[in-house]
Engineer: 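What follows is a single structure, and I will ask about it in a moment.
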Amino acid sequence: LQREIIVDTEDKYHLDRIKGGNKESFEAIFIKYYQNLCRYAFEILRSDDDSQDVVTEVFTNIWEKRGEINVNLSVASYLFRSVHNRSLNVIRGKKNKISSDYLSNSDKFQLVLQEGHKDFPLSGLIQGEKMELIKSAVNNLPNKCKQIFLMHRKFKLKYAEIADMLNISEHTVKAQVQIALQKLRAALYQTMESDFKKSKQKSNKKPPAI
Amino acid sequence: MEPSRKEELIIDYLLGECNDKEKTEAKKLVDSDDMALGMYQQYRDIVLGANIVYDKKFALSKNELIGKARSITNKNKSVKANFRKIWYGMAASLLIGAIGVLLYINLGEKETFTTYTVPIGAKGQIDLKDGTRAWINAGSVLKYSDFYGYKNRIVYLEGEGYFEVAKNENLTFMVKTKEVCVKALGTKFNVKAYPNDASIETSLMEGSVMVEKSKNAEISGLGNGLLLEPNQSLVIKKQPVLHNSQNVTFTVQLNKLDDVGYISSWKDDVWSIKSEPLDELAKKLERRYNIKIMFSDESLKKIKFTGKIKNDPVEQVLKAIELTAGIKTHISHNEVLIEKDSRN
């Protein structure tokens with residue numbers, strides 16, 4: 001699976017300037033990612049305060065050690081990976097309270113859908129009933145599959161970035177996203193072409209386990 | 001092609017995970033194969049539907065976010081400033097006997113810079129010390145030293161700006177960008193030099209300006225500099241576009257226009273567009289409204305658009321473009337998909 005490396009030039013540009021101590025660029029990256037990183041941390045920690053603490057720690061670390069930051073793939077996957085790892089450390093610290101196997105908890109990674117946003121009234125493209133179907137289909141996905149799908153659609157990370165963040169292969173990420181979309185399509189459009197379905201079963205190998 | 005491969009390709013395409021070769025392949029497939037088209041439409045609904053993920057949790061205003069960011073950067077600042085003060089103090093006390101006077105001058109002359117950043121989705125206007133007025137477009141940065149106005153009149157620009165330069169024959173006003181340096185004495189002109197745009201454009205409204213290449217840019221077409229006349233626009237095309245790539249080649253093109261006034265109309269309430277290809281316009285809209293624009297079809301990018309755009313919400317602007325350019329737009333949160341209008 002040959003892929004180009006994703007480089008968000010704007011992010012990399014800001015990162016270079018952050019390394020030189022530029023505060024405007026630090027603010028730009030902070031504004032762009034802070035809220036979504038908190039939302040991601042919340043998926044794991046289920047606590048507003050803990051989530052914000054973790055994200056603030058990650059950004060403080062970036063600013064204080066700005067000379068040493070080494071971003072291989074993208075700023076986004078670096079940030080989400082840092083938040084992911086720190087959140088897991090917090091959970092490990094509270095072992096008695098919460099199970100460290102956080103992904104087995106079915107409350108995690110709930111899809112939040114909203115029909116349009118007050119600033120973008122036209123965004124309610126998918127009407128009520130269809131929306132409910134998508135919502136319940138997403139929430140019925142296996143947990144790892146749901147997590148990866150939401151990383152892509154909710155937090156807008158690319159296959160390669162999710163792979164980098166969760167330390168799994170890009171092939172696995174792609175397979176999980178494809179499975180998620182196929183399940184959603186099956187849930188939404190029961191009239192799937194039958195011959196298409198048959199040929200697919202023949203050709204499609206079992207998805208890799210993760 | 002295997003049906004499962006078709007499905008994979010369509011999904012990757014809709015999710016923006018295709019390289020250029022795969023994109024072409026996907027478009028060809030959707031155009032030529034009815035089953036693929038049906039599949040494409042169903043997946044598009046799902047991808048757009050699952051895109052409308054708007055989480056209200058942790059919603060903060062921009063000012064609150066800036067405040068949080070600054071509480072991190074300011075913590076560090078005081079430490080650094082103290083360190084510098086101590087260092088200067090030590091250096092001064094050691095050297096004061098020998099080269100005291102020289103050191104005094106060096107410390108006194110320390111140049112500091114003011115940076116004026118205009119975020120995406122905004123516009124800015126700034127009056128400089130010498131009476132020069134500058135309008136700065138979305139996603140741009142203007143920087144100048146505290147020597148500005150008496151030792152030099154140099155501003156550093158990344159992005160787009162319109163300048164009405166106050167007359168001062170003794171001190172040349174200069175806009176320095178990565179690629180070019182525009183020199184003026186007292187004129188009105190517009191410079192567009194975004195790092196990720198395909199060209200650097202200088203347009204002159206009044207007076208005269210000299211466009212020279214920057215120190216590190218190899219733009220042979222500029223020679224020792226080109227003098228622009230009013231209503232001329234100098235377009236320097238970059239190849240490749242990525243701003244940090246090396247071995248960039250530049251093509252220089254001098255255009256004579258009937259009236260360049262519309263070029264700087266982004267700063268006004270009514271923004272005029274003249275036969276602008278849709279992909280170029282899309283870049284400007286992305287910066288003006290802080291949105292992402294995608295095209296379902298490459299051919300749409302070359303449709304030319306002429307018209308006037310008021311300071312309207314993005315939906316109304318897109319509707320206006322839909323009507324005049326014969327296209328369809330779908331908005332989902334801050335992403336816009338531009339498609340062919342099937343009724344045409």
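Within every chain, numbering begins at 1; the chains are lettered A, B, ... in the order of the sequence lines, protein sequences first and strands thereafter. Keep in mind that this is a model prediction, so the values were computed, not measured.
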Engineer: Of the backbone (N, CA, C, O) and the side chain (C-beta and beyond), which part of B:Lys6 lies under 4.5 Å from a heavy atom of chain A, both, or neither?
Structural biologist: neither
Engineer: Taking the side chain as everything from C-beta on, heavy atoms only, tell me whether A:Ile31 gets closer than 4.5 Å to B:Glu64.
Structural biologist: no
Engineer: Is a donor on one side and an acceptor on the other found under 3.5 Å between the side chain of A:Glu27 and the backbone of B:Arg70?
Structural biologist: no
Engineer: Going from CD on B:Glu7 to CZ on A:Arg185, what distance comes out if it is rounded to the nearest 0.5 angstrom?
Structural biologist: 5.5 Å
Engineer: Shortest non-hydrogen contact from B:Ala69 to A:Phe26?
Structural biologist: O-CE2, 3.7 Å
Engineer: Quick one: do A:Lys174 and B:Glu8 satisfy salt bridge (Lys or Arg N to Asp or Glu O under 4.0 Å)? Show the steps, please.
Structural biologist: CA-CA 9 Å; A:Lys174 179 175 167 154; B:Glu8 194 184 308; 2.9 Å; yes
Engineer: Do A:Asp48 and B:Phe58 have side chains that approach each other closer than 4.5 Å (heavy atoms only, starting at C-beta)?
Structural biologist: yes
Engineer: Decide yes or no for B:Asp12 and A:Tyr159: does some side-chain heavy atom of the first lie under 4.5 Å from some side-chain heavy atom of the second?
Structural biologist: yes
Engineer: Working to the nearest 0.5 angstrom, can you tell me the gap between A:Phe59 CZ and B:Ser71 OG?
Structural biologist: 11.5 Å
Engineer: The test is side-chain contact (heavy atoms from CB on, under 4.5 Å); show your working for B:Thr73 and A:Glu64 and say whether it passes.
Structural biologist: CA-CA 8 Å; B:Thr73 53; A:Glu64 283 174 355; over 6 Å; no
Engineer: Does atom NZ (B:Lys292) have a neighbourhood of more than 12 heavy atoms from anything else shown, all under 6.0 Å?
Structural biologist: no
Engineer: Looking at CD1 of B:Ile66 and NZ of A:Lys23, how far apart are the two atoms once the value is rounded to the nearest 0.5 Å?
Structural biologist: 13.5 Å
Engineer: Considering only heavy atoms, which portion of A:Glu24 lies under 4.5 Å from any heavy atom of chain B: side chain, backbone, both, or neither?
Structural biologist: side chain
Engineer: Rounded to the nearest 0.5 Å, how far does CG of B:Leu65 lie from NZ of A:Lys32?
Structural biologist: 14.0 Å
Engineer: Answer with side chain, backbone, both or neither: which region of A:Tyr34 has an atom nearer than 4.5 Å to a non-hydrogen atom of chain B?
Structural biologist: side chain
Engineer: Does any heavy atom of chain A fall under 4.5 Å from the side chain of B:Leu15, the backbone, both, or neither of them?
Structural biologist: both
Engineer: Check each atom of A:Ser51 against the heavy atoms of chain B and say whether the ones under 4.5 Å are side chain, backbone, both or neither.
Structural biologist: side chain
Engineer: If we ignore angles and hydrogens, is there a donor and acceptor under 3.5 Å between the side chains of A:Tyr13 and B:Glu158?
Structural biologist: yes
Engineer: For B:Lys237, does the NZ atom sit with more than 12 other heavy atoms under 6.0 Å from it, leaving out its own atoms?
Structural biologist: no
Engineer: Is it the side chain or the backbone of B:Thr115 that comes within 4.5 Å of chain A heavy atoms, both, or neither?
Structural biologist: both
